[in-house]
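Data first, discussion second: the structure below is written as structure tokens.
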Amino acid sequence: MCIKFSDDKGTTEEAVDLGGPRREFLRLLMEALSHSEMFEGHEGHLNFALDSFAVRDDRYFFVGRSIAVSLVNGGPPPCFLSETLFSCLVKGPEMSRPVIEDIADNELYEKLKRISESRTVEELQTSTESLTDYLSHAGRLRPLTSLMDKNPLLEDVLMFQVVHRVRGPFERFRDGLKTLGVLQKIQQHPEAFHAALCFTSRNLSADIMDGLFEIRWSETGSNRRVNENRVVTYWRDYLQDAEDAFSR
């Protein structure tokens with residue numbers, strides 16, 4: 001992959017792509033995807049939205065292929081997929097378990113929250129009255145005669161809204177991720193790919209900073225190697241001191 005940026009007149013940069021332009025292009029691409037209308041939800045925890053224009057133009061496939069190409073070519077990982085969407089990729093849609101927090105529609109979220117907080121059959125029946133049309137459309141309209149009907153109702157609605165409603169876009173996204181064999185690797189090593197596809201909050205540590213760099217050592221026994229050993233020791237001491245200072 002060779003990337004060249006150009007100005008408004010179409011004049012390209014003269015610099016040779018040694019990796020910087022490629023990484024910048026892939027960073028901009030991942031950022032654009034995360035803010036596109038094909039996704040919805042809280043930042044860093046996105047699920048698919050149903051965009052008819054994107055379906056027509058097969059853009060969900062493009063999203064999957066773009067993420068696969070970015071991962072293979074050393075670009076930034078997306079880090080914005082929800083746990084539910086990641087589970088769909090690894091285990092399959094039918095094995096996923098969406099949660100209320102996956103609901104991006106604020107009105108629907110509040111209605112489902114009221115259902116989840118119902119403590120009596122009467123409260124459950126009252127809280128579902130405003131969802132009658134939705135439940136009928138989703139094929140989930142049923143008589144509620146017991147409080148035990150609450151959890152199955154919530155599970156059905158969540159599966160419909162988060163998984164089944166966007167099953168077509170998800171399948172095309174998954175097809176796109178098959179590019180360069182990336183989907184197969186995700187399913188074989190989900191632990192390794194989780195941090196790359198899903199947002200994980202963690203503090204910057206000395207080990208993380210140290211791992212960002214690759215040391216190109218001189219020949220063992222040479223004077224340069226002796227100096228390099230000293231510099232690397234100072235560098236790692238500095239990183240550890242910085243971590244200790246920020247953790248206080």
Arg174 CZ to Leu183 CG distance, which is reported to the nearest 0.5 Å
7.0 Å
Can you check whether Phe39 and Phe80 have ring centres sitting under 6.0 Å from each other?
yes
Do Tyr60 and Val166 make a side-chain contact, defined as non-hydrogen atoms from C-beta onward lying under 4.5 Å apart?
no
For Cys198 and Ser82, work out which heavy atoms get closest and say how close.
SG-O, 3.9 Å
Pick one: which of Met159, Gln161, Arg165 meets side-chain contact (heavy atoms from CB on, under 4.5 Å) with Val163?
Met159
Using a 6.0 Å cut-off, check whether atom CZ of Arg65 has over 12 heavy atoms from anything other than its own residue.
no
Would you check if there is a donor-acceptor pair between the side chains of Asn227 and Arg224 at a distance under 3.5 Å?
no
Is the closest side-chain donor-acceptor distance between Asn106 and Glu110 under 3.5 Å?
no
Over 12 non-hydrogen atoms of neighbours within 6.0 angstrom of CD in Glu101
yes
Under 4.0 Å between a Lys/Arg side-chain N and an Asp/Glu carboxylate O for Arg27 and Glu24?
yes
Salt-bridge contact Arg142-Asp156 (side-chain N to carboxylate O under 4.0 Å)
yes
Please report the shortest heavy-atom distance between Leu177 and Val182, naming the atom on each side.
O-CB, 3.4 Å
Any donor-acceptor pair under 3.5 Å linking the side-chain atoms of Arg225 with those of Ser218?
no
Residues Asp149 and Thr145: closest non-hydrogen pair is OD2-N, 3.0 Å
Does this structure show an ion pair linking Lys150 with Glu155, if we count only N-O contacts that are shorter than 4.0 Å?
no
When Asp241, Asp210, Asp207 are each screened for side chain to side chain donor-acceptor pair (under 3.5 Å) with Arg236, the one that passes is Asp210
Do Pro77 and Phe193 make a side-chain contact, defined as non-hydrogen atoms from C-beta onward lying under 4.5 Å apart?
no
Heavy-atom side-chain proximity of Leu46 to Glu40 below 4.5 angstrom:
no
Side chain to side chain, Thr84 and His45, heavy atoms closer than 4.5 Å:
no
What do you reckon, is CG of Asp244 surrounded by more than 12 foreign heavy atoms closer than 6.0 Å?
yes
Short side-chain to backbone donor-acceptor contact, Ser116 and Lys113, under 3.5 Å
yes
Check: Ser136 side chain, Thr132 main-chain N or O, donor-acceptor pair, under 3.5 Å:
no
Polar side-chain atom of Ser96 near backbone of Cys88 as donor-acceptor pair, under 3.5 Å:
no
Atom OG of Ser205 and atom CG of Leu239: how far apart are they, to the nearest 0.5 Å?
9.5 Å
